[in-house]
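Each remark here refers to the structure printed beneath this line.
Just follow the structure's listing: the first ligand is 1, and inside any ligand the first atom is 1. By convention here, the first residue in the shown sequence is residue 1.
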Amino acid sequence: MFNESRLRTGGFRVSRGPSSNELISNDCHRGSGSTPGAKAVFNLDHDVITGDSIAAADAASTPRRRSPGSGADAWHPQSWKAHPIRQAPEYPDADAHARVIAQLRQLPPLVLADEVRALKAQLARVAHGEALLLQGGDCAESFAEFSASSLRDTHRTLREMAIALSTHLPVVTVGRIAGQFAKPRSSAAEKIGDVELPSYRGDIVNGPAFDAQSRAPDPQRMLRAYQQSAITLNLLRALDGASIARQSRLYTSHEALLLPYEAASTHRDSVSGDWYDCSAHLLWIGDRTRQLGGAHLEFCRGIANPLGLKCGPSMTPDELLRVLDVLDPRREPGRITLISRMGADGVRDQLPALVRALQREGRPAVWICDPMHGNTQTATGGYKTRPFERVAEEVRGYFEVHRALGSHAGGLHLEMTGKNVTECTGGPQQLSEQDLPLRYQTHCDPRLNAVQALALAAVARSELASSQAANTDKARRELPQSPAETEPLLVT
Ligand SMILES: O=C[C@H](O)[C@H](O)COP(=O)(O)O
Ligand SMILES: C=C(OP(=O)(O)O)C(=O)O
Ligand SMILES: [Mn+2]
């Protein structure tokens, strides 16, 4: 059991050392002054890790402790290690890896638990049909392409898209940003000529250059990714403060793929007893790592963050319900965001069965559409690209399906940037395959540029208008006819 005692030192709360369980589990209090009498550095009214009010914590006589499962089913931040894992890099030097993980565990959380809870509450509104979710950013953030101007441009483009969509409903905005570094790959190795090397798995793992040294997984990269995420968050918070839409903020998200990094970022909230992966507000499980019984499901089921789940063409209704039983046993609105990525040709055929399955079960979920990953093509010259028209067509199909089933089309998940890159063809600039080499800068998949992203927001906006009109028609049809046709009016 968690054994905590709190001391106050000049208004700064410190916690006594964790029990052995918390030591194994990377408890959040480690390092926050766990020695009684540790020096107070700040005078805070809120828990330094969770952001919770100390007064509220003190008022709660027994903190609610929730660890998913018990006995053989018990969860802790390392329990995923007993499960089969896919897409995990093989580090050549296990000791060097262990040293970096130990360092990461000592570093402060990047986001606070109360911010995570605020996002979950907003996502619950999306699940109830009262708001929309816009999630977007790079396929893969990179060390080389990191600059204030590109962050500013992506922040601005996401804001502009949110404003375009908010004519219908309030918009919750979440970036694929400040931690979106790890990439699952179709193939573990890449071969050029006679040379075969490990595939590039994102800057948090290895380098993109095609040479043996770059492609060897290097644990030091996790520390650099952490630092870049912290710097990114710092700028995003400043940009949020300077934005005209000050009341809304940009939350962060990434794929929970590199589990040693995610586990090292996982802290226990001293007030609720829940575990939070403090590397981002929202974490999602990719289409390649969502197996029942697998390590990624095991890790994600135990963290209290809102979770995304990619649903590609191979997802069956039965499998989806079983995965949701694991990830969201309490059926908590805002906990799960389902991200369908069926492709323009598949969405109308494959999405309805999944939506109906949730409707039958009365399960809450946010449904959003990733129109990127099911529409990737290889252009002449070998560039991966996505034709804007196919992307737009999947968005239209997604809205049609939800309209037909009376379900809330909750928003979009996009690979996009605020820069004027040439990675996806088509759109208002009518980019051709010949234009791709001009500014093809992505480290992994092709992104919409700012103009294309805003054009896609316009497509979604017009679909939202159709959905709203359909809802109004339906409501009108469901109204009692006219008073004369129902009950005679009482005239006095
Ligand atoms: O972002 C998603 C995947 O990591 C990416 O699509 C994989 O690309 P690959 O098929 O070239 O490995
Ligand atoms: C890997 C990704 O997508 P998916 O899991 O849907 O292939 C991604 O969104 O970066
Ligand atoms: Mn991608």
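Judged purely by distance below 3.5 Å, without hydrogens or angles, the side chains of Thr376 and Arg386 pair a donor atom with an acceptor atom. Between His296 and Gln87, the side chains place no donor N or O within less than 3.5 Å of an acceptor N or O (distance only, hydrogens not considered).
Applying the 4.0 Å criterion to heavy atoms of Arg176 picks out, from ligand 2, the atoms 8 (C), 9 (O), 10 (O). Residue Gly286 has at least one heavy-atom neighbour below 4.0 Å for each of these atoms of ligand 2: 5 (O). Under a 4.0 Å criterion applied to the non-hydrogen atoms of Cys139, ligand 1 contributes the atoms 1 (O). Less than 4.0 angstrom separates some heavy atom of Arg185 from each of these atoms of ligand 1: 7 (C), 8 (O), 9 (P), 11 (O), 12 (O). Residue Glu415 approaches ligand 2 through these ligand atoms, each under 4.0 Å from one of its heavy atoms: 8 (C), 9 (O), 10 (O). Those atoms of ligand 2 with a heavy atom of Glu255 less than 4.0 angstrom away are 1 (C), 2 (C).
Looking only at protein heavy atoms, the nearest one to atom 5 (C) of ligand 1 is Asp445 OD2, 3.3 Å. In terms of protein heavy atoms, atom 6 (O) of ligand 2 is closest to Arg341 NE, 2.7 Å. Looking from atom 2 (C) of ligand 2 to the surrounding protein, the closest heavy atom is His373 NE2, 3.6 Å. If you check which protein heavy atom lies closest to atom 5 (O) of ligand 2, you get Asp287 N, 2.8 Å. Closest to atom 3 (O) of ligand 2 among all protein heavy atoms lies Lys310 NZ, 3.0 Å. Closest to atom 8 (O) of ligand 1 among all protein heavy atoms lies Lys384 NZ, 3.0 Å.
Centred on the Mn ion (ligand 3), the angle running from Glu415 (OE2) to Asp445 (OD2) is recorded as 140°, rounding to 10°. Atoms SG of Cys139 and NE2 of His373, as seen from the Mn ion (ligand 3), are separated by an angle of 170°, to the nearest 10°.
Glu394 places a side-chain N or O within 3.5 Å of a backbone atom of Met342 that can act as its donor or acceptor partner.
Between Arg156 and Asp153, at least one side-chain nitrogen of the basic residue sits less than 4.0 Å from a carboxylate oxygen of the acidic one, meeting the salt-bridge criterion. Look at Arg176 and Asp370 and you find no salt bridge, because none of the NZ, NE, NH1 or NH2 atoms lies under 4.0 Å from a carboxylate O. Salt bridge status for Asp325 with Arg363: present, with a side-chain N to carboxylate O gap under 4.0 Å. Taking a cutoff of 4.0 Å between a charged side-chain nitrogen and a carboxylate oxygen, Glu389 and Arg396 qualify as a salt bridge. A salt bridge links Glu115 with Arg237: the closest approach of a Lys/Arg side-chain nitrogen to an acidic carboxylate oxygen falls below 4.0 angstrom.
For Phe143 and Phe181, the ring centers sit closer than 6.0 Å to each other.
Of the polar atoms of Arg176, none of the N or O atoms is found under 3.5 Å from an N or O of ligand 1, judged by distance alone. Checking only distances, Asp370 never comes within under 3.5 Å of ligand 2, N or O to N or O. Taking any N or O of His413, backbone or side chain, none lies under 3.5 Å from an N or O belonging to ligand 2. Taking any N or O of Ser187, backbone or side chain, none lies under 3.5 Å from an N or O belonging to ligand 1.
Taking 2.8 Å as the threshold, Cys444 does not count as a candidate ligand of the Mn ion (ligand 3), since none of its N, O or S atoms lies below it.
If you run side-chain contact (heavy atoms from CB on, under 4.5 Å) between Asn305 and each of Thr266, Asp277, Leu119, only Asp277 comes through.
Contacts between Met372 and ligand 2, counted as non-hydrogen atom pairs separated by less than 4.0 Å, are absent for every part of the residue. Contact annotation: for Ala140 versus ligand 2, there are no heavy atoms closer than 4.0 Å. Under 4.0 angstrom from ligand 1, the non-hydrogen atoms of Arg288 all belong to its side chain.
Using cut-offs of 30° and 60° for the angle between ring planes, the Trp284 and His413 rings count as perpendicular.
Selection from Gly286, Pro184, Ser186, Ala182 by nearest heavy atom to atom 4 (O) of ligand 1 gives Pro184.
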Evaluate the side-chain hydrogen bond (donor to acceptor under 3.5 Å, both in side chains) criterion for residues Ser279 and Glu262: first the C-alpha distance (whole Å), next the side-chain angles of each, then the deciding distance (0.1 Å), finally the verdict.
-> CA-CA 7 Å; Ser279 67; Glu262 301 304 337; 2.7 Å; yes
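Within the cation-pi definition used here (under 6.0 Å to the ring centroid, within 45° of the axis), Arg249 qualifies as a partner of Tyr251.
By the 4.0 Å heavy-atom criterion, Pro184 is counted among the residues contacting ligand 2.
Side chains of Leu412 and Val395 form a contact here, defined as non-hydrogen atoms less than 4.5 Å apart.
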